[in-house]
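Throughout, protein chains are lettered first and strands after them, A, B, ... in sequence-line order, and every chain is numbered starting at 1. Everything quoted here is computed from the prediction, not taken from an experiment.
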Number of protein chains: 2
Amino acid sequence: MTVPLHQRIRDEIEGLIRSGAWPPGHRAPSESELMAQYGCSRMTVNKAMSALAQAGLIVRRRRAGSFVARPKVHSTVLDIPDIQAEITARGETYAFVLLAAERRPADPDDGDEVDLAGEGDLVVLRGLHVAGGRPFALEDRLISLAAVPEAAAADFAAEPPGAWLLHHVPWTEAESRISAVGAEAAVAELLALDVGAALLAVERRTWRAGEPVTRVRQLFPGEAYDLVARFGPAR
Amino acid sequence: MTVPLHQRIRDEIEGLIRSGAWPPGHRAPSESELMAQYGCSRMTVNKAMSALAQAGLIVRRRRAGSFVARPKVHSTVLDIPDIQAEITARGETYAFVLLAAERRPADPDDGDEVDLAGEGDLVVLRGLHVAGGRPFALEDRLISLAAVPEAAAADFAAEPPGAWLLHHVPWTEAESRISAVGAEAAVAELLALDVGAALLAVERRTWRAGEPVTRVRQLFPGEAYDLVARFGPAR
DNA sequence: CTCGCGAATATGTCTATACATATTGAACCG
DNA sequence: CGGTTCAATATGTATAGACATATTCGCGAG
């Protein structure tokens with residue numbers, strides 16, 4: 001259990017901050033003070049403090065010192081999970097049912113589709129994520145064949161498109177939109193809900209080096225699924 | 001434009017990864033190779049690579065080398081809005097209508113309330129955020145008087161509780177949960193929607209030094225409001 | 001009394017070196 | 001042929017020193 005010194009310094013200071021012993025705005029000891037306190041070189045202290053700064057726990061200003069950051073409510077880190085990983089982590093069996101798959105050109109009246117498709121066709125998929133035999137989420141996905149020509153030959157019944165894309169196409173940019181919608185008749189039936197039931201809608205677009213790759217819209221039964229964002233000692 | 005060298009190395013390698021030039025699993029040059037390539041010392045290269053490893057872009061293994069990581073979860077920064085700022089930024093008038101305010105002990109049957117209240121009472125508030133004369137969000141909030149005794153005397157009709165708390169109580173930990181719910185009758189009436197309409201529910205709890213401070217649940221008309229999260233070079 | 005400038009301070013960057021440690025691959029031996 | 005040992009390799013940790021740079025504070029000049 002030989003914890004490196006720079007890590008120990010990091011952990012101890014992180015503990016002081018998270019416990020509230022050092023409130024936001026508190027000034028931490030200077031590097032030379034810490035250096036004396038821990039009996040180590042400045043580089044070691046610096047490594048610990050730089051890591052805390054990178055993690056957003058402290059703010060460092062030359063000549064002034066290192067200060068405990070005041071957390072911003074407005075931006076927290078949200079983990080949008082890989083559905084398969086999420087389900088198997090709960091110990092439930094996971095399955096993906098491919099409901100429809102086709103290849104077609106972009107609808108010229110849908111600017112968004114045209115933008116995604118570029119010069120090529122689209123692969124259009126609809127599938128159902130199933131957890132322990134019960135419908136968990138409905139997924140509608142568009143994939144640009146201009147960006148991912150291999151998608152034309154992929155077997156999305158064998159490997160869900162999310163996982164397939166993760167293995168074949170590293171993303172560079174992504175945007176997620178979260179909203180709530182009522183279930184339409186067709187959707188309600190697939191998810192075994194009443195028409196109009198509240199659904200959590202997560203829509204994500206990803207790009208690779210500026211080129212659109214895919215757009216996916218996932219619908220979760222609202223009360224059965226939460227997205228969680230944390231700032232704090234949950235770790 | 002004097003970018004530090006370790007940062008430049010970091011940025012260049014990050015670019016190679018994000019562009020897809022180095023796919024997941026690709027082995028990066030060793031530190032001594034990079035050291036020769038950039039004409040700098042090993043510590044500088046090490047700082048760059050350690051940072052990439054901490055950011056989860058690469059995985060490093062002794063003797064084996066550094067490898068491009070395969071992305072697992074999609075972790076993004078989510079902007080959870082300050083409602084007032086959001087509305088005024090759109091150029092609409094903002095108002096907060098305090099619908100109910102009371103002080104009472106925690107409901108002993110509600111473990112969550114008991115936990116929040118601690119040894120003291122709770123302030124229980126319900127209010128409506130109004131944008132341009134139309135209901136925008138319904139807010140139900142509990143404040144622990146054990147953590148924030150000044151809340152007993154605050155005038156939440158004059159200053160919305162979110163803003164008041166931000167000014168009076170720095171928090172150290174927060175957790176946000178996002179889900180979708182159907183509107184109950186009372187809620188539907190206040191938000192001028194049909195019963196059962198899909199609502200986006202944002203529930204946030206905050207703590208200060210491990211002590212619960214407040215819990216708030218905000219309900220937004222689902223289709224009228226999106227939360228947006230981005231990941232990418234927009235920095 | 002105010003403004004500007006220099007000195008003090010704390011962080012930021014970088015080097016050269018040293019030793020530790022995990023892992024791999026190959027040589028060696030039973 | 002199989003297993004063990006050992007050396008090579010790549011990262012991990014740490015040191016001591018040097019210089020750069022931003023910021024603040026206080027002092028002195030006007």
Just checking A:R27: base, sugar-phosphate only, or nothing, at a heavy-atom cut-off of under 4.0 Å? sugar-phosphate
Which heavy atom of B:S66 sits nearest a heavy atom of B:I58, and at what distance? CB-CD1, 4.2 Å
Contacts of type ring pair (Phe, Tyr, Trp, His ring centres under 6.0 Å), residue A:W164, not counting sequence neighbours: A:F156, A:H168
Testing A:R60, A:R62, A:K47 for salt bridge (Lys or Arg N to Asp or Glu O under 4.0 Å) with A:E31, which one passes? A:R60
Is it true that A:R42 and A:S32 share a donor-acceptor pair across their side chains at a distance under 3.5 Å? no
Can you sort out which residues in residues 49-66 of chain B have a heavy atom within less than 4.0 Å of DNA chain D? Ascending by number, please. B:R60, B:R61, B:R62, B:R63, B:G65, B:S66
Kindly state which residues belonging to residues 33-44 of chain B come within less than 4.0 angstrom of DNA chain D, counting heavy atoms of the residue only, listed by number. B:R42, B:M43
If you compare all heavy atoms of A:L138 against all heavy atoms of A:G127, which two are closest, and at what distance to 0.1 Å? CD1-O, 3.5 Å
Checking B:P29 now: which residues fulfil side chain to side chain contact (heavy atoms under 4.5 Å, CB included) with it, not counting sequence neighbours? B:W22, B:E33, B:L34
Heavy-atom closest pair (B:A180 atom, A:A180 atom, distance to 0.1 Å) is CB-CB, 3.9 Å
Sort and list the pairs that fulfil side-chain hydrogen bond (donor to acceptor under 3.5 Å, both in side chains) and have at least one residue in residues 84-96 of chain B, not counting sequence neighbours. B:E86-B:Y225, B:Y94-B:H129
Compare every heavy atom of A:Q218 with every heavy atom of A:F220, then report the nearest pair and how far apart it is. CE1-CB, 3.8 Å
Along DNA chain C, 5' to 3', what are the outermost nucleotides having an atom less than 4.0 Å from a heavy atom of chain A? C:dA8 to C:dC14
Can B:E12 and B:R10 be counted as an ion pair, charged N to O under 4.0 angstrom? no
Please compare B:S32 and A:Q7 by the position of their nearest nucleotide in DNA chain D and report the one closer to 5'. B:S32
